[in-house]
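Accompanying notes for the structure given below.
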Protein chains: 2
Amino acid sequence: MLMGRIHDLTHKWLRGELAAAGLSGIVPSHGDVLALLFMKGEATMHELAAFAHRTRPTTTVLVDKLEEVGLVRRMQSEDDARSVVVVLTAEGEALRGSFAAISKKLASRVYSPLSKDEGEMLEKLLNKVLSNLEAAKNAESAKSD
Amino acid sequence: MLMGRIHDLTHKWLRGELAAAGLSGIVPSHGDVLALLFMKGEATMHELAAFAHRTRPTTTVLVDKLEEVGLVRRMQSEDDARSVVVVLTAEGEALRGSFAAISKKLASRVYSPLSKDEGEMLEKLLNKVLSNLEAAKNAESAKSD
DNA sequence: CTATTATAGTTAGATATCTAACTTTTGTCA
DNA sequence: TGACAAAAGTTAGATATCTAACTATAATAG
């Protein structure tokens, strides 16, 4: 409940920031796609979906949008004719700085009321909770074998 | 990012639990609506929206669904002809126990990897973060006066 | 009292997401 | 090597949510 509310508020704030940066229609999930491309240079749809924790159909739509606004380009993979490789365009690459700035601002917005120790403690506890949830989820899906 | 992921996982798990309890099509937001009714007995659309942190149009749809499956009933307010009062039906009231059980199970699922002290610390830190975000949000919306 | 403004709720239209089903290509195994 | 299973991606259809606009009622101000 607490976490859901924090998630909602940060999400909404992020949308506003992206719109203010001239990227209206770009939402946090698009940001996740771009984040992996900033790191790796290129990625398949499959990799982008896994990184953003979205399904492949959703990723198709996300990349459609990014391509439409000119930030990325789809290319045919040379290794595997089934695969699509997504790369940044020059316009996409140009946004690296703005994205880093927004990420930093977000982190500061969330952690500002906490001391350094408290911030680290929060991260540690959340990671514990998350690992446990992921493990439980995997155990449950393994049951259906 | 961490919180968004935890939120996604608990949300998805909740859907499964609700479906297992014979309430397929009922999602966590419907649960929030029912939660207030379990507490107060009755509530206006406006109150339900505020409690569930959803907009009024969304609440209209949520209550439509709950009415459709027979868990709540809309009534005309006697005090104010504009207001709709939502109440539980007998079928809705009968679910009080299942809902309490699912809530308890959820809390245990999230907090199980933490000690009692750690759980309390996590709540404290999250509350600090949330209060700060709500305050920042209010400050920003006040600027548009 | 009447005209304006505010409030409660709904309707309409848009968007992000999901699951299921489909196409194409690759991998496997008998 | 030829059939069948697995994988990458897309398309189609459903759902939860939002904002904007609308209707009806209540409150307020001259």
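In what follows, chains are A, B, ... by sequence order, proteins preceding strands, each numbered from 1. Side chains are part of it too, since the values below use all heavy atoms of this structure and drop only hydrogens, waters and symmetry mates.
Within the 4.0 angstrom heavy-atom criterion, base atoms lie near T60(A). When heavy atoms are screened at a 4.0 angstrom cut-off, S83(A) is found touching the sugar-phosphate backbone but no base atom. Among the atoms of the strands shown, only primed sugar atoms or phosphate atoms (P, OP1, OP2) are found under 4.0 Å from some heavy atom of S29(A).
To the nearest angstrom, P of dA16(D) lies 18 Å from NE2 of H11(A). When rounded to the nearest whole Å, the span between NZ of K65(B) and P of dT10(C) equals 17 Å. Between the C1' atom of dT17(C) and the NE2 atom of H7(B) lies a distance of 13 Å, rounded to the nearest Å. What separates NE2 of H53(B) from C1' of dA16(D) is a distance of 17 Å, to the nearest Å. In this structure, the NZ atom of K12(A) is 14 Å from the P atom of dT17(D), given to the nearest Å. The interatomic distance linking R15(A) (CZ) with dT17(D) (C1') rounds to 10 Å, in whole Å. As a whole-Å value, the separation of L66(A) CG from dA16(C) C1' is 13 Å. If you measure from atom CG of D8(B) to atom P of dA16(D), you get 16 Å, rounded to the nearest angstrom.
Residue P57(A) has its side chain nearest to dT10(D) when only dT25(D), dT26(C), dT10(D) are considered. The side chain of T58(B) sits closest to dT17(D) out of dT17(D), dT17(C), dG9(C). Listed candidates were dA6(D), dT10(C), dT17(C). Nearest to the side chain of R74(B) is dT10(C).
When all heavy atoms of V129(A) and V110(B) are compared, the pair lying nearest together is CG2-O, 3.6 Å. For the residue pair L122(B) and Y111(B), the shortest heavy atom distance occurs at CD2-CE2, 4.0 Å. Considering all non-hydrogen atoms of both residues, L18(A) and I102(A) come closest at CD2-CD1, 4.1 Å.
A donor-acceptor pair is defined here as one N or O able to donate and one able to accept, closer than 3.5 Å; no such pair exists between the side chain of R56(A) and the backbone of M45(A). N132(A) places no side-chain N or O within donor-acceptor distance of the main-chain N or O of K128(A), the cut-off being under 3.5 Å. R74(B) contributes no side-chain N or O that, together with a main-chain N or O of V84(B), makes up a donor-acceptor pair within less than 3.5 Å.
Nearest-nucleotide mapping onto DNA chain C: of D80(B) and R54(A), the residue sitting toward the 5' end is D80(B).
Looking at R82(A), its side chain has no donor and acceptor atom pair within 3.5 Å of the base of dT24(C).
Distance check: M3(A) CE to L130(B) CG gives 11.5 Å after rounding to the nearest 0.5 Å.
Of the residues in residues 30-52 of chain A, T44(A), M45(A), H46(A) come within less than 4.0 Å of DNA chain D through at least one heavy atom, sorted by number.
For the OP1/OP2 pair of dG9(D) and a distance below 4.0 Å, the side-chain nitrogens and oxygens of R56(A) include no atom meeting the criterion.
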